[in-house]
Q: 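To start, I am sharing the structure in question, which I have written as structure tokens.
Order of listing sets the numbers, starting from 1, for every ligand and every atom in it. Only a predicted model underlies this, so the values are computations on that prediction, with no experimental measurement involved.
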Amino acid sequence: MSHDQSFPPPAAWARDALVDRRRYEDLVALEARDPDAFWREVAGRLDWETPFTKVKDVSFDLTDFRIRWFEDGRLNASVNCIDRHLAARGDQTAIIWEGDDPAASRRITYRELHRQVCRMANVLKRRGVRRGDRVTIYLPMIPEAAYAMLACARIGAIHSVVFAGFSPDSLAGRINDCDSRLVITADEGVRGGKRVPLKANVDEALEHAPGVETVLVVTRTGVATSLKAGRDFVYEAEAAEVADDCPAEAMGAEDPLFILYTSGSTGRPKGVLHTTGGYLAWAAWTHEAVFDYRPGQVYWCTADVGWVTGHSYIVYGPLANGATTLMFEGVPNYPSLSRCWQVIDKHQVEIFYTAPTAIRALMREGEAPVARTSRRSLRLLGSVGEPINPEAWLWYHRVVGEHRCPIVDTWWQTETGGILISPLPGATTLKPGSATRPLPGVKLALVDADGRPLEGAGEGNLCLTDSWPGQMRTVWNDHERFLQTYFSTYPGKYFTGDGCRRDADGDYWITGRVDDVLNVSGHRLGTAEVESALVAHPKVAEAAVVGFPHEVKGQGIYCYVTLKAGEQPGPALEKALVDWVRREIGPIATPDVIQWAPGLPKTRSGKIMRRILRKIAEGDTANLGDTSTLADPGVVDDLVARKRLEP
Ligand code: PRX
């Protein structure tokens, strides 16, 4: 199949888009001529209680480091997402909730959202939460997840949403790291017809998180859960006792809005900290420009609120723009493989934003489940989270969008807060597999291993040479780690951890992580986390984990495991280890392959040579490269021989 096709904007898009070619060029020119004016325009879309006078104060120099945007302005994120819309669109739907069960859906207006968020804010206050306190949110995809985030924002508390698929142990680690004293959860979650015991998970987590004083339990299924007296409270009972109005705290633009934990190449997940003004401005501006969002349109991002995509493009960006945002509790293949397309028809969705892994999984099932539905309401498709292979892109374009809908392949990260590289559907010629160009104001560089910038076409490591308002400000409680991780590899630049190619037209093609971070079904996972889960098993002496190409997941998890002396490998232990990792981290970390390894390839100084392990996992054993620096080259032959025995 030819991969060099390109798709200019359809005529109607080129004519009618919010950002057409001309507007795009004007924005780029404005930014070049007067960057402050450009950024003032970006942030000017928000309601500021005290307008900012300073736009930007940034230095990536480690001796004089700072990132500050709009710093003397004051605002409240929940006011920007709710209150300011009440006069014009109080009765408009803010959130369409589509339940796991196709018979269950609900519409929440901006007025209702205001009441619900105020109530939750008042409950938090009554339970002692103050400005600056951390609140952990461990909820399924129900409207209360959005209420909880916005309620924290309203009173100046910092939320930390933990994906409800994470294990009790992962939850405890995240609670402890930011010293949350209050957790908001639900009795159970419901996904794909199955129940998830969230409250029971919290109970287990709290055995290792002694600082938590209060748990609020939202009723989702009504199952009986044990409530610890004085600690656990049924949310609805609490909410019935408070007022449905709550004044909003005026926050500094640089006051924290939330912490979101994400995986790095080493150590435990880091608490990425985002602040109020810059984050919200960037989420809102990019949501409007990239998705060409117009008031009244129904917009659906399929992410979970536990990931950054859910934060920026289900909750903050869309609501700041007064949008109607769809929140889906279920999964794409329940109760049938047509579910996504049925939801689109049911709610007349115009903009649909999902991950390549979902597209690949549905593509494998053929066109029939798609063809059974209309999808006439769709105008625009989006992709996020991992590189999209051209086959999946072309299928999405032809089968789902019937050649009519542009696809925006949006590159960004938890750290970036919002989209940085993406086509603008009315202005950009699309190429399947390329995220195309940086948005106006985004300063990219590709550098070689020594940090030298590459000019023209070529491949290198992707960096940003200057800040943008949505940039993370620090790692919670570990500023040194923030500087080390992102700013020390290439001095003066933010290093993304991604490799990238620039073609002769100047379009960017993300090639994937160049560090030890995995991207499994669009979920980010550190190899070190899986390794430390494995070695915590009593029979495991050592483990090394690498990614390998996986047809649906993008990357699969390949584990080399060395057992302790006297332990016998076998299918039963293999299954036990897979279950163990699922329990330690969560189902997203389920190993795909366990290979028994009597020894691991190490340098003479004891460093595991992952390059070689990756090659073996990929099945590329003919190109193992130089193994002469290994302490024991025989180890590699042994691993290769065992690999061949794999079915
Ligand atoms: O490797 C890139 C990949 O996902 C990483 C960021 O993961 P996370 O922080 O979990 O955020 C995911 C949602 C924004 C990046 O370093 N990635 C994300 N979007 C794309 C992508 N890779 C290629 N193309 C994309 N559109």
Side-chain angles (χ1 to χ4, degrees), residues 161-163 165-166 258-265 269-274 279 282-283 286-287 290 301-314 316-317 353-360 381-390 392-393 396 407-423 428 430-439 442 444 459 461-464 470-472 475 485-486 494-502 507-527 529 547 553-555 588-589:
V161 182
V162 178
F163 173 55
F166 275 122
F258 66 83
I259 299 166
L260 185 56
Y261 286 87
T262 194
S263 299
S265 28
K270 338 181 235 298
V272 167
L273 185 94
H274 282 290
Y279 168 81
W282 192 242
T286 53
H287 173 259
V290 172
C301 165
T302 67
D304 191 284
V305 288
W307 309 112
V308 75
T309 309
H311 282 61
S312 302
Y313 297 111
I314 295 177
Y316 285 112
Y353 188 31
T354 195
T357 189
I359 299 163
R360 287 191 297 263
L381 301 170
S383 173
V384 61
E386 41 173 334
I388 181 164
N389 46 312
W393 194 103
Y396 197 27
I407 297 177
V408 287
D409 174 2
T410 63
W411 177 88
W412 59 296
Q413 314 178 292
T414 306
E415 293 89 337
T416 71
I419 297 166
L420 295 190
I421 310 179
S422 172
T428 312
L430 308 174
K431 292 178 187 170
S434 170
T436 70
R437 304 288 171 96
L439 295 178
V442 172
L444 301 182
E459 187 166 341
N461 289 339
L462 180 63
C463 294
L464 286 123
Q471 183 168 27
M472 73 182 283
V475 170
T485 307
Y486 303 103
Y494 167 85
F495 175 40
T496 63
D498 278 339
C500 184
R501 185 166 68 79
R502 185 168 47 218
D507 286 316
Y508 289 81
W509 303 70
I510 307 293
T511 53
R513 303 288 307 195
V514 295
D515 53 12
D516 293 319
V517 170
L518 302 175
N519 193 326
V520 182
S521 299
H523 299 318
R524 190 165 152 178
L525 210 57
T527 50
E529 289 168 71
K553 299 181 184 180
Q555 270 189 313
I588 61 164

Q: Would you mind telling me if ligand 1 is within reach of the side chain of E386, the backbone, both or neither, using heavy atoms under 4.0 Å?
A: backbone
Q: Who's the nearest protein heavy-atom neighbour of atom 7 (O) of ligand 1, and how far?
A: R524 CD, 3.5 Å
Q: Nearest to atom 15 (C) of ligand 1, what protein heavy atom do you find, and at what distance?
A: D498 OD2, 3.2 Å
Q: How about Y494 and Y486: are their ring centres within less than 6.0 Å of each other?
A: yes
Q: Is K553 salt-bridged to E386, cutoff N-O under 4.0 Å?
A: no
Q: Could you see which bit of T416 sits under 4.0 Å from ligand 1, with heavy atoms only: side chain, backbone, both or neither?
A: neither
Q: Can you sort out which atoms of ligand 1 are near N519, meaning under 4.0 Å from one of its heavy atoms?
A: 3 (C), 4 (O)
Q: As a quick check of understanding, evaluate salt bridge (Lys or Arg N to Asp or Glu O under 4.0 Å) for R437 and D507, giving each step before the final call.
A: CA-CA 6 Å; R437 304 288 171 96; D507 286 316; 2.7 Å; yes
Q: Does the salt bridge (Lys or Arg N to Asp or Glu O under 4.0 Å) test come out yes or no for E415 and K270, once each step is laid out?
A: CA-CA 10 Å; E415 293 89 337; K270 338 181 235 298; 5.1 Å; no
Q: Which option, W412, W307, Y313, owns the non-hydrogen atom nearest atom 5 (C) of ligand 1?
A: W412
Q: Based purely on interatomic distance, does T410 place a nitrogen or oxygen under 3.5 Å from a nitrogen or oxygen of ligand 1?
A: yes
Q: With a 4.0 Å cut-off on heavy atoms, is G385 in contact with ligand 1?
A: yes
Q: Quick check: Y279 with F258 (ring centres under 6.0 Å apart)?
A: yes
Q: For atom 13 (C) of ligand 1, grab the closest protein heavy atom and report residue, atom and distance to one decimal in Å.
A: T309 OG1, 3.4 Å
Q: Return the residue, atom name and 0.1 Å-rounded distance of the protein heavy atom closest to atom 11 (O) of ligand 1.
A: T414 N, 3.7 Å
Q: Considering non-hydrogen atoms of the protein only, which is the closest contact for atom 23 (C) of ligand 1, and what is the distance?
A: P387 N, 3.1 Å
Q: Could you tell me if the ring centre of Y508 sits under 6.0 Å from that of W411?
A: no
Q: Hey, does T309 have a side-chain heavy atom less than 4.5 Å from the side chain of W412?
A: yes
Q: Examine Y313 together with W282 and report whether their ring centres are nearer than 6.0 Å.
A: no
